[in-house]
Amino acid sequence: MSSLGEKLRQAREARGVTISEIAEQTRISSHYLEAIESDDYRTLPGGIFNKGFVKSYAKYVGVDEQEALQDYAKLVSEQAVNQPEPEIRHRPEVLTDNNRGSMLPTLIFAAVILGLMTWGILSAVSWWQTQQTANTASNVKPANVSPLANAASNVNGTTPATNTNSNANTEVAPPVAPGELTVQFKSISTEPEKPNITSFIDGTYESYSFQTEDTKVYKPQQTFKVRYSKWQAKNLQLTINGKPITLPEKPFKAKGEGIEFEINKTNVAQILQAGAITPESVGGTVAPNANTNVAKQ
């Protein structure tokens with residue numbers, strides 16, 4: 001029976017595409033794609049990032065994503081049983097090729113998405129106001145707020161509106177606009193080597209390399225997982241909904257050099273209250289360390 005790497009390679013060759021083409025479209029390094037085809041995951045970052053690479057590769061060449069992830073889990077389990085995993089110490093670098101294409105298409109796509117989100121929010125507010133004007137005796141319902149934004153609003157002292165019964169002598173409460181969660185990273189590096197972070201926003205993988213005094217804004221709806229080297233910690237600043245949040249300067253786990261954590265609807269309120277990313281504020285949701293045994297994922 002063919003291994004996962006062989007299945008992906010055969011699918012790629014059947015489509016007539018090269019590894020370089022896949023690397024350009026998926027933003028995954030050609031070196032990592034070649035390692036996946038060879039079923040050798042020792043040089044990959046590990047954990048959720050390996051799964052994201054396998055899933056993206058399988059999707060691009062037309063292989064069932066869930067089947068590919070099952071084959072990956074089986075493969076790393078067998079490798080862990082057959083031989084101990086050597087300790088790998090490395091500084092995570094940019095996960096994409098140096099000759100990757102222009103960022104202009106990505107920026108245009110992000111601008112289109114932001115425009116659609118803004119239009120949707122304004123349409124929702126307008127519809128809500130029309131409904132309230134037409135029938136002031138109806139129950140007032142809270143606007144739809146994403147789980148992460150709702151938790152962030154609670155910690156800042158804002159409570160979503162609740163249903164109330166109104167009559168001719170009762171003034172109807174104004175509608176509550178949909179909320180958003182804004183996570184922003186800023187580069188404050190003065191060194192030639194600029195910071196690089198990798199992340200999963202609601203399950204979607206992304207890698208970003210900062211320029212001088214550069215900022216990167218994320219607007220997750222459910223979960224936001226991020227990873228960066230501890231050597232880059234001093235060169236990054238984090239704010240959540242405009243509030244400065246202190247970043248950890250070293251990994252929460254003793255082994256490895258990557259700092260990883262997750263922001264979700266369970267811990268965002270505690271993070272905002274603490275004003276820092278700590279093992280306590282993230283509530284035990286620290287992402288797996290990239291250098292730990294992947295068979296434990």
Side-chain angles (χ1 to χ4, degrees), residues 1-101 196-200 203-209 225-232 251 253 255-260 287-297:
M1 184 173 62
S2 300
S3 66
L4 172 60
E6 188 174 357
K7 286 181 182 178
L8 295 175
R9 179 182 59 77
Q10 291 174 351
R12 173 179 62 79
E13 292 176 349
R15 286 175 171 257
V17 297
T18 65
I19 286 182
S20 296
E21 291 176 86
I22 299 177
E24 182 178 356
Q25 294 299 319
T26 62
R27 306 288 185 180
I28 301 174
S29 171
S30 296
H31 177 68
Y32 289 164
L33 295 176
E34 292 172 352
I36 292 174
E37 285 192 354
S38 301
D39 295 318
D40 183 6
Y41 296 89
R42 292 173 298 177
T43 60
L44 272 67
I48 58 176
F49 297 99
N50 285 15
K51 294 179 182 178
F53 294 163
V54 170
K55 185 176 179 180
S56 297
Y57 191 176
K59 181 179 180 180
Y60 188 85
V61 298
V63 174
D64 183 79
E65 299 170 34
Q66 295 303 320
E67 181 180 345
L69 290 176
Q70 291 175 1
D71 290 344
Y72 166 77
K74 181 179 179 181
L75 177 63
V76 295
S77 297
E78 292 174 352
Q79 290 179 349
V81 171
N82 294 333
Q83 61 181 13
E85 182 183 19
E87 181 177 354
I88 302 174
R89 299 182 62 84
H90 66 280
R91 293 179 60 185
E93 301 296 338
V94 179
L95 302 183
T96 59
D97 290 334
N98 292 330
N99 60 345
R100 64 182 181 180
N196 175 74
I197 63 176
T198 52
S199 59
F200 272 85
T204 300
Y205 166 79
E206 181 176 334
S207 175
Y208 188 78
S209 298
K225 302 177 182 179
V226 66
R227 183 180 193 275
Y228 55 89
S229 169
K230 69 180 182 181
W231 310 106
Q232 301 170 347
K253 296 185 179 181
K255 187 178 180 182
E257 298 179 352
I259 297 177
E260 301 183 15
N289 189 284
N291 291 318
T292 56
N293 194 327
V294 293
K296 297 181 180 179
Q297 305 302 317

(request) Could you tell me how the ring of Phe53 sits relative to the ring of Tyr32: parallel (under 30°), tilted (30 to 60°) or perpendicular (over 60°)? (result)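 The rings of Phe53 and Tyr32 lie parallel, inter-plane angle below 30°.
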(request) Indicate yes or no: at least one non-hydrogen side-chain atom of Glu37 is less than 4.5 angstrom from one of Glu34. (result)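 No - every pair of side-chain heavy atoms lies 4.5 Å or more apart.
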Check [X] against [Y] and note the closest heavy-atom contact, atom names and distance.
X: Ile48; Y: Phe200; result: O-CZ, 3.5 Å
X: Leu4; Y: Ala68; result: CD2-O, 3.7 Å
X: Ser56; Y: Ile28; result: CB-CD1, 4.0 Å
X: Ala11; Y: Val63; result: CB-CG2, 3.6 Å
X: Pro251; Y: Ile259; result: N-CG1, 3.7 Å
X: Thr198; Y: Asn196; result: CG2-ND2, 4.2 Å

(request) Please step through side chain to side chain contact (heavy atoms under 4.5 Å, CB included) for the pair Tyr57 and Ile36, ending with a clear verdict. (result) CA-CA 9 Å; Tyr57 191 176; Ile36 292 174; 4.1 Å; yes
(message) Before you tell me yes or no, could you show the steps for Gln10 and Glu6 under side-chain hydrogen bond (donor to acceptor under 3.5 Å, both in side chains), namely the whole-Å CA-CA distance, both residues' side-chain angles and the distance that decides it to 0.1 Å?
(response) CA-CA 6 Å; Gln10 291 174 351; Glu6 188 174 357; 3.2 Å; yes
Drop me the distance from [X]'s [atom1] to [Y]'s [atom2], to the nearest 0.5 angstrom.
X: Tyr41; Y: Lys51; atom1: OH; atom2: NZ; answer: 12.0 Å
X: Ile197; Y: Ser229; atom1: CD1; atom2: OG; answer: 12.5 Å
X: Ser199; Y: Phe49; atom1: OG; atom2: CZ; answer: 7.5 Å
X: Arg12; Y: Ile22; atom1: CZ; atom2: CD1; answer: 6.0 Å
X: Leu8; Y: Ser3; atom1: CG; atom2: OG; answer: 8.5 Å
X: Leu33; Y: Leu44; atom1: CG; atom2: CG; answer: 9.0 Å

(request) Identify, with sequence neighbours excluded, every residue that meets side chain to side chain contact (heavy atoms under 4.5 Å, CB included) alongside Glu21. (result) Val17, Thr18
